[in-house]
Visitor: 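I have a structure here, written as structure tokens, and I will follow up with some questions on it.
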Amino acid sequence: MDLRLLRYFVAVAEERHVGRAAARLHITQPPLSRALRQLEADLGATLLERTPHGVTPTPAGEALYEKATTLLDQADRLRARVRAEAGSETLTIGTLADTAGWVSGRLVADFRREHPHASVTVHESGLGDPTAGLRAGLVDVALTRTPFDGKGLRTRVLSADPVGIVVRADDPLAGAGPVSVAALAARRWIRLPDGTDPLWAAYWTGPAAPDAPVMRTIQECLQSVLWNGTSALAPLGQPLPPGLVTVAVDDRPPSRLVLAWRPARLTPLARSFVRIAARA
């Protein structure tokens with residue numbers, strides 16, 4: 001099975017929109033749409049239901065998504081292992097959705113100036129892994145947000161950003177002053193995947209009910225707020241789709257954007273990246 005097609009499908013399934021997925025993959029919409037049709041033809045199944053507002057995975061698509069994410073993780077691990085054994089000049093950077101832009105926007109020119117021949121891969125992680133692939137051995141260094149269990153890791157703080165609750169523009173909270181998450185227990189909060197770091201989950205979610213919807217990506221959270229009126233937390237500077245606003249909260253400390261790495265496995269190239277990022 002073509003891993004490239006699987007990566008395309010996973011991006012569309014997570015973004016729920018072909019245009020957003022194309023932007024995430026740094027390609028245009030037509031080749032992405034053709035790739036999706038090819039995958040459906042190869043498998044003999046309709047994977048995505050097209051609507052005027054985007055796409056939704058069919059039951060067959062949901063089954064493929066579940067297995068595809070596991071398969072792609074295994075492929076990434078294999079690639080990282082081979083590169084490590086070969087000792088080649090490669091660097092894999094782990095990010096969350098809102099930190100990927102920080103990588104490309106501020107660091108590319110400085111890093112390429114010092115390492116013009118290095119091969120760089122950016123691995124975007126879901127919300128269930130706040131170490132952005134670092135703990136699982138998928139990446140050399142991560143740009144992520146605290147808090148999370150830092151045992152065995154080193155971190156360097158790059159910035160501190162206040163957070164807020166994301167609501168629809170017609171929500172009674174919209175336009176309000178700072179609010180307290182603890183006082184909003186009656187709202188329907190999103191829930192992060194089972195097994196998520198408890199420190200991370202406690203910081204980024206409110207008092208979620210056991211039947212609360214499980215969200216795996218930032219876009220899933222935002223779309224759930226937009227369509228279903230659920231509640232989620234995000235940095236105040238998080239880009240939002242039209243129709244959503246962020247209301248500051250007063251019972252969460254600022255979220256720290258950090259570089260994270262494993263000291264025992266910090267390659268010379270990763271060490272250089274840490275130095276350049278800290279300088280920037």
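Along the sequence shown, residues are numbered consecutively beginning with 1.
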Visitor: Do Arg16 side-chain atoms and Thr56 backbone N/O form a donor-acceptor pair below 3.5 Å?
Guide: no
Visitor: Given Val214 and Leu192, is the side-chain contact (heavy atoms from CB on, under 4.5 Å) satisfied, shown in steps?
Guide: CA-CA 5 Å; Val214 175; Leu192 297 181; over 6 Å; no
Visitor: Dump the intermediate steps for side-chain contact (heavy atoms from CB on, under 4.5 Å) on Thr92 and Val120, then the final yes or no.
Guide: CA-CA 6 Å; Thr92 302; Val120 178; over 6 Å; no
Visitor: Closest approach of Arg112 and Pro116, non-hydrogen atoms and distance?
Guide: NH2-O, 2.7 Å
Visitor: Are Leu199 and Phe148 side-chain neighbours, meaning at least one heavy-atom pair lies under 4.5 Å?
Guide: no
Visitor: Using 4.0 Å as the upper bound for N to carboxylate O, is an ion pair formed by Arg145 and Asp161?
Guide: yes
Visitor: Apply salt bridge (charged side-chain N to carboxylate O under 4.0 Å, His left out) to Arg37 and list each qualifying residue two or more places apart in sequence or on a separate chain.
Guide: none
Visitor: Is Leu64 close to Leu6 at the side-chain level, that is, under 4.5 Å between some pair of heavy atoms?
Guide: yes
Visitor: Which pairs, with at least one residue in residues 38-51 and sequence neighbours excluded, count as a side-chain hydrogen bond (donor to acceptor under 3.5 Å, both in side chains)?
Guide: Glu40-Arg50
Visitor: If you look only at pairs with a residue in residues 230-272, which of them pass as a ring-ring contact (aromatic ring centres under 6.0 Å, His included), with sequence neighbours excluded?
Guide: none
Visitor: Are the charged groups of Arg113 and Asp110 less than 4.0 angstrom apart, N to O?
Guide: yes
Visitor: Indicate yes or no: at least one non-hydrogen side-chain atom of Val141 is less than 4.5 angstrom from one of Leu134.
Guide: no
Visitor: Considering residues at least two apart in sequence or located in another chain, which fulfil the salt bridge (charged side-chain N to carboxylate O under 4.0 Å, His left out) criterion with Arg271?
Guide: none
Visitor: Report the distance from atom OG of Ser119 to atom CG of Leu269, rounding to the nearest 0.5 Å.
Guide: 9.5 Å
Visitor: Measure the CG-OG1 distance between Leu236 and Thr246 for me, rounded to the nearest 0.5 Å.
Guide: 6.5 Å
Visitor: Strictly by ring-ring contact (aromatic ring centres under 6.0 Å, His included), give each pair with a member in residues 168-192 just once, sequence neighbours left out.
Guide: none
Visitor: Is there side-chain contact between Ile218 and Leu127, with at least one heavy-atom pair below 4.5 Å?
Guide: yes
Visitor: Would you confirm whether Arg168, through its side chain, and Leu226, through its main-chain N or O, come within 3.5 Å as a donor-acceptor pair?
Guide: yes
Visitor: Grab the two heavy atoms, one from Ala169 and one from Ala174, that are nearest each other, plus how far apart they are.
Guide: O-CB, 3.5 Å
Visitor: Consider only side-chain N and O atoms of Ser272 and His115, and report whether a donor and an acceptor are under 3.5 Å apart.
Guide: yes
Visitor: Please determine which of Thr205, Val166, Val181 meets the side chain to side chain contact (heavy atoms under 4.5 Å, CB included) test together with Leu233.
Guide: Val181
Visitor: Judged by atom type as modelled, is there a donor-acceptor pair below 3.5 Å linking the side chain of Asp197 to the main-chain atoms of Pro130?
Guide: no
Visitor: What pairs with Arg4 under side-chain hydrogen bond (donor to acceptor under 3.5 Å, both in side chains), at least two apart in sequence or on another chain?
Guide: none
Visitor: Grab the two heavy atoms, one from Ala13 and one from Pro57, that are nearest each other, plus how far apart they are.
Guide: CB-CG, 4.2 Å
Visitor: Hey, what do you get for CG (Leu158) to CZ (Arg156), rounding to the nearest 0.5 Å?
Guide: 7.5 Å
Visitor: So, does Arg252 use its side chain to make a donor-acceptor pair with the main chain of Val249 at under 3.5 Å?
Guide: no
Visitor: In Å and rounded to the nearest 0.5 Å, what is the CZ to CD distance from Arg20 to Gln29?
Guide: 10.5 Å
Visitor: Applying side-chain hydrogen bond (donor to acceptor under 3.5 Å, both in side chains), which residue pairs with at least one partner in residues 58-74 are found, sequence neighbours left out?
Guide: Glu14-Tyr65
Visitor: Would you please test Ile276 and Val274 for side-chain contact (heavy atoms from CB on, under 4.5 Å) and show each step?
Guide: CA-CA 6 Å; Ile276 292 169; Val274 170; over 6 Å; no
Visitor: Give every residue pair that meets the side-chain hydrogen bond (donor to acceptor under 3.5 Å, both in side chains) criterion with at least one member in residues 218-231, sequence neighbours excluded.
Guide: Arg187-Ser231, Arg216-Glu220, Gln223-Trp227, Ser224-Thr230
Visitor: Which value, rounded to the nearest 0.5 Å, describes the distance between Leu138 atom CG and Leu72 atom CG?
Guide: 11.0 Å
Visitor: Side chains of Tyr8 and Leu39: closer than 4.5 Å at any heavy-atom pair?
Guide: no
Visitor: Do Asp194 and Thr196 come within less than 4.5 Å of each other through their side chains, counting heavy atoms only?
Guide: no
Visitor: With sequence neighbours left out, what residues match Arg154 under salt bridge (charged side-chain N to carboxylate O under 4.0 Å, His left out)?
Guide: none
Visitor: Are there over 12 heavy-atom neighbours, none belonging to Arg256, within less than 6.0 Å of that residue's CZ?
Guide: no
Visitor: Show the nearest heavy-atom pair for residues Val247 and Gly177, with the distance to one decimal.
Guide: CG1-O, 3.5 Å
Visitor: List the atom of Ile93, the atom of Val139, and the distance in Å for their closest heavy-atom pair.
Guide: C-CG1, 4.1 Å
Visitor: Quick one: list whatever passes salt bridge (charged side-chain N to carboxylate O under 4.0 Å, His left out) with Asp250, sequence neighbours left out.
Guide: none
Visitor: Scan for side-chain hydrogen bond (donor to acceptor under 3.5 Å, both in side chains) pairs involving residues 126-144, sequence neighbours excluded, and state none if there are none.
Guide: Asp129-Thr131
Visitor: According to ring-ring contact (aromatic ring centres under 6.0 Å, His included), who are the partners of Trp200, at least two apart in sequence or on a separate chain?
Guide: Trp204
Visitor: Going from CG on Leu244 to SG on Cys221, what distance comes out if it is rounded to the nearest 0.5 angstrom?
Guide: 11.5 Å
Visitor: Determine, stepwise, if the pair Leu36 / Leu48 fulfils side-chain contact (heavy atoms from CB on, under 4.5 Å).
Guide: CA-CA 9 Å; Leu36 294 173; Leu48 299 164; 3.9 Å; yes
Visitor: Minimum heavy-atom separation for Ile190 and Ala232, please, with both atom names.
Guide: CG1-CB, 4.0 Å
Visitor: Going by heavy atoms in the side chains, are Val157 and Leu257 under 4.5 Å from each other?
Guide: no
Visitor: What I'd like to find out is whether the side chain of Leu3 reaches to under 4.5 Å of the side chain of Leu71, using heavy atoms alone.
Guide: yes
